[in-house]
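Computed from a predicted structure; not experimentally measured.
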Amino acid sequence: MARLREITRGAARVLRSVADLTIREKQFLVNEFSQVKGMMPLLMKPRNRQRWSAEDRAQIAQQLRRLTRMSPYLVVLVMPGGLVMLPALAWWLDRRRGRGRVRARGGA
């Protein structure tokens, strides 16, 4: 009976962890998509016989960098069964972020 309780608690912790990870990544995506929302009018300026200013070019470059950060998510979402893989992708990306912090501190 005690072993069953341990397994149940462990499973609950894993599900809670996955839920927290999913919520955090969802907030990240919503924030990034809201930042990129104004890109289309900028891209349409030359077609509408307007020129891009230096500020417009800087904004386009910034938004393209944002899109490249979202590309792993977009690839997974386009794949069949991609929504099932989203928590695994979020975990893997989080692991990679952690390694960068260790290297920045002078670790392995």
Side-chain angles (χ1 to χ4, degrees):
M1 216 40 175
R3 179 79 175 134
L4 182 62
R5 285 188 188 130
E6 285 179 37
I7 292 172
T8 305
R9 286 183 189 143
R13 268 189 248 121
V14 168
L15 288 175
R16 201 172 315 119
S17 174
V18 169
D20 292 343
L21 188 63
T22 304
I23 289 169
R24 187 185 75 227
E25 294 302 320
K26 179 182 170 185
Q27 289 171 345
F28 168 76
L29 284 174
V30 167
N31 183 39
E32 290 299 314
F33 276 123
S34 68
Q35 297 290 328
V36 176
K37 192 187 327 185
M39 188 170 182
M40 199 53 133
L42 282 175
L43 292 176
M44 295 303 287
K45 273 189 169 186
R47 187 176 180 134
N48 294 330
R49 295 187 176 99
Q50 298 174 355
R51 294 186 181 262
W52 285 327
S53 66
E55 182 182 323
D56 290 340
R57 290 177 192 270
Q59 192 172 6
I60 289 171
Q62 179 186 22
Q63 290 180 352
L64 286 174
R65 280 191 297 272
R66 285 181 185 279
L67 284 173
T68 59
R69 280 185 271 170
M70 291 189 301
S71 62
Y73 295 100
L74 298 176
V75 169
V76 168
L77 291 175
V78 171
M79 289 174 25
L83 288 176
V84 175
M85 291 299 298
L86 194 57
L89 174 68
W91 170 81
W92 183 72
L93 289 173
D94 192 46
R95 251 184 76 223
R96 290 182 59 207
R97 278 189 218 134
R99 265 191 275 156
R101 281 188 228 126
V102 171
R103 285 187 188 139
R105 285 188 226 144

Problem set entry | Atom pair CZ/CZ of Arg9 and Arg16 - distance to nearest 0.5 Å | 11.0 Å
Problem set entry | Nearest-0.5 Å distance, CG of residue Leu42 to CD of residue Gln50 | 10.0 Å
Problem set entry | Inter-residue atom distance Asp56.CG - Leu43.CG, 0.5 Å rounding | 10.0 Å
Exercise. Roughly how far apart are Gln63 CD and Arg65 CZ, rounded to 0.5 Å?
Worked result: 10.0 Å
Exercise. Between the side chain of Ser17 and the main-chain N/O of Arg13, is any donor-acceptor distance below 3.5 Å?
Worked result: no
Exercise. Trp52 side chain to Pro46 main-chain N or O, any donor-acceptor pair under 3.5 Å?
Worked result: no
For this session: With rounding to the nearest 0.5 Å, note down the distance linking CD1 in Ile60 to CD in Glu55.
Result: 11.0 Å
Problem set entry | Smallest separation among heavy atoms of Met39 and Leu67, with atom names | SD-CD1, 3.9 Å
